[in-house]
A.B. asks: 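I'd like to ask some things about the structure below.
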There are 2 protein chains.
Amino acid sequence: MERRRGAELEGVLLDAAWDELMESGYARLTMEAVAARAHTGKQVLYRRWRNRAELVIAAMRHRTGSIVENVPDTGSLRDDVLGVLRLMAERFATLGPDVVHGLLAEAPDLDPEIYTRMTSVMATIVKRAAERGEIPTDDLPDRVLTAPTNLLRHEMLFARDPLPASALTSLVDDVFLPLVSGRPGRSG
Amino acid sequence: MERRRGAELEGVLLDAAWDELMESGYARLTMEAVAARAHTGKQVLYRRWRNRAELVIAAMRHRTGSIVENVPDTGSLRDDVLGVLRLMAERFATLGPDVVHGLLAEAPDLDPEIYTRMTSVMATIVKRAAERGEIPTDDLPDRVLTAPTNLLRHEMLFARDPLPASALTSLVDDVFLPLVSGRPGRSG
DNA sequence: ACTCCTTAGAGACGGTACGTCTCTTACGGT
DNA sequence: ACCGTAAGAGACGTACCGTCTCTAAGGAGT
């Protein structure tokens, strides 16, 4: 019997968790099923992750890269923001609402981080746009900066059907661009 | 042994569920505990609600009135919107993140309804403001209309700490009012 | 090459809560 | 007075949790 170890074993475990996630969703993913799929015992999982949520998060990180490390830079504010929203929507689509709802409920400590990260992405995009002279200032309230990403996240969380493409453009054209273009400096 | 029936029994059941909810949160609320607290059996619960989520939703509806039936009308757009946001925040505070996260995960069919309702509330408020001449038009894109309530909901879902009062005013002053005041008619 | 030590692989175990089923009996309707 | 519905109570089988135990594989050290 060949016995896996170290990084090799860990990779197998995370792949097994990911496959279970795709097949059963979060709610019906069990530690037993992940262990069985990886041809090992539960203890091997519990030795590395304290619970389902941690395992699933690790599996997601193992699979998908971070948006933070891949900020769009197209030369157009509109396209940059749209690019970020598309990345978010794409990722959400592969994960499915199940997973996000589940993690929200079971890993609340992680939740604030998820959306704090996005603030810096938006700040980068807006700063570039201001430097290009596309908008008057990059000194915007945080809630303006994160409005499009937060609204998108909200919509993905609550909508039952997949989002139409028009949702993304509406968020940019109806909400974000009006807020950053014509307005004077920050109010508070 | 006095045996409860009909509306009386139902009230007792919903009260028991509500009390359990307040005491244990959603994740640790069990049908067994609710039944025990109401001095009855589980079957009495399952005869009325198919699962935990339905029971909890019924208990919430039984306790708290609808925001829809109580649209603020202060004569000021800003105060009306703030009033709605305060109602939402207050309700969320009594329920706790647990409950909302849990329902989001276990009652996804209900989720879209929750925020669709708010659209009509905001439409009413905006219409009144337009009639008063406070804003140029009440013909706004849905995503502008629901931006403040959706952003608040998002923030409540993801924030770990209770929201500061400034969160509400920022949503109104930095995001909503700029969108509805200075802009021309809808773009799309 | 031999020994030691960690830990993989496998499964048993007790615990909790689910949702169903069964049984007796209170009580409202006719 | 009778009958049918459903309350009250709890047993039951199932699922999965997280812990614990045991054997033996296979690196590390000498």
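First the proteins, then the strands, lettered A, B, ... as listed; each starts at 1. Side chains are part of it too, since the values below use all heavy atoms of this structure and drop only hydrogens, waters and symmetry mates. Keep in mind it's a predicted model, so treat the numbers as computed, not measured.
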A.B. asks: Would you say the base of D/dG18 and the side-chain of A/Lys42 have a donor-acceptor pair closer than 3.5 Å?
C.D. replies: yes

A.B. asks: Closest to the B/Arg4 side chain: D/dA9, D/dG8, C/dC18?
C.D. replies: D/dG8

A.B. asks: Nearest nucleotide by nearest heavy atom, which residue falls closer to the 5' end of DNA chain C, A/Gly41 or B/Tyr46?
C.D. replies: A/Gly41

A.B. asks: Using whole Å, what does the distance between atom P of nucleotide C/dG19 and atom CG of B/Leu29 come to?
C.D. replies: 12 Å

A.B. asks: Figure out the CD/C1' separation between B/Glu8 and D/dA7, and round it to whole Å.
C.D. replies: 12 Å

A.B. asks: Give A/Arg5 one of three labels, base, sugar-phosphate or nothing, depending on what nucleic acid heavy atoms sit under 4.0 Å from its own.
C.D. replies: base

A.B. asks: Check if the side chain of B/Arg47 and the base of D/dA7 share a donor-acceptor pair of N or O atoms closer than 3.5 Å.
C.D. replies: yes

A.B. asks: Specify the separation, in whole Å, of atom CD of A/Gln43 and atom C1' of D/dT21.
C.D. replies: 10 Å

A.B. asks: Identify the residue among B/Met31, B/Met60, B/Arg50 that makes a side chain to side chain contact (heavy atoms under 4.5 Å, CB included) with B/Leu55.
C.D. replies: B/Met31

A.B. asks: Count the heavy atoms of every other residue, nucleotide or ligand shown that sit under 6.0 Å from CZ of A/Arg48, and state whether that count exceeds 12.
C.D. replies: yes

A.B. asks: Do the numbers put B/Arg78 on top of the ring of B/Phe176, so that NZ or CZ is under 6.0 Å from the six-membered ring centre and no more than 45° off the axis?
C.D. replies: no

A.B. asks: Could you tell me how far apart A/Glu32 (CD) and C/dG9 (C1') are, to the nearest whole angstrom?
C.D. replies: 15 Å

A.B. asks: Return the value, rounded to whole Å, for the distance between atom CZ of A/Arg37 and atom P of C/dG9.
C.D. replies: 17 Å

A.B. asks: Roughly, in whole Å, what's the span from CG in A/Leu45 to P in C/dT7?
C.D. replies: 16 Å

A.B. asks: Just compare C/dC18, D/dT19, D/dA7 and give me whichever is closest to any side-chain atom of B/Val44.
C.D. replies: D/dA7

A.B. asks: To the nearest angstrom, how far is B/Arg28 atom CZ from D/dC17 atom C1'?
C.D. replies: 15 Å

A.B. asks: When you compare the side chains of B/Thr169 and B/Asp173, does any donor N or O come within less than 3.5 Å of an acceptor on the partner?
C.D. replies: no

A.B. asks: Counting heavy atoms from C-beta on, name the nucleotide in D/dG18, D/dA6, C/dT22 closest to the side chain of B/Arg3.
C.D. replies: D/dA6

A.B. asks: More than 12 heavy atoms of other residues, nucleotides or ligands under 6.0 Å from CZ of A/Arg132: is that the case?
C.D. replies: yes

A.B. asks: Nearest whole angstrom, please: distance from the P of D/dC17 to the CZ of A/Arg50.
C.D. replies: 17 Å

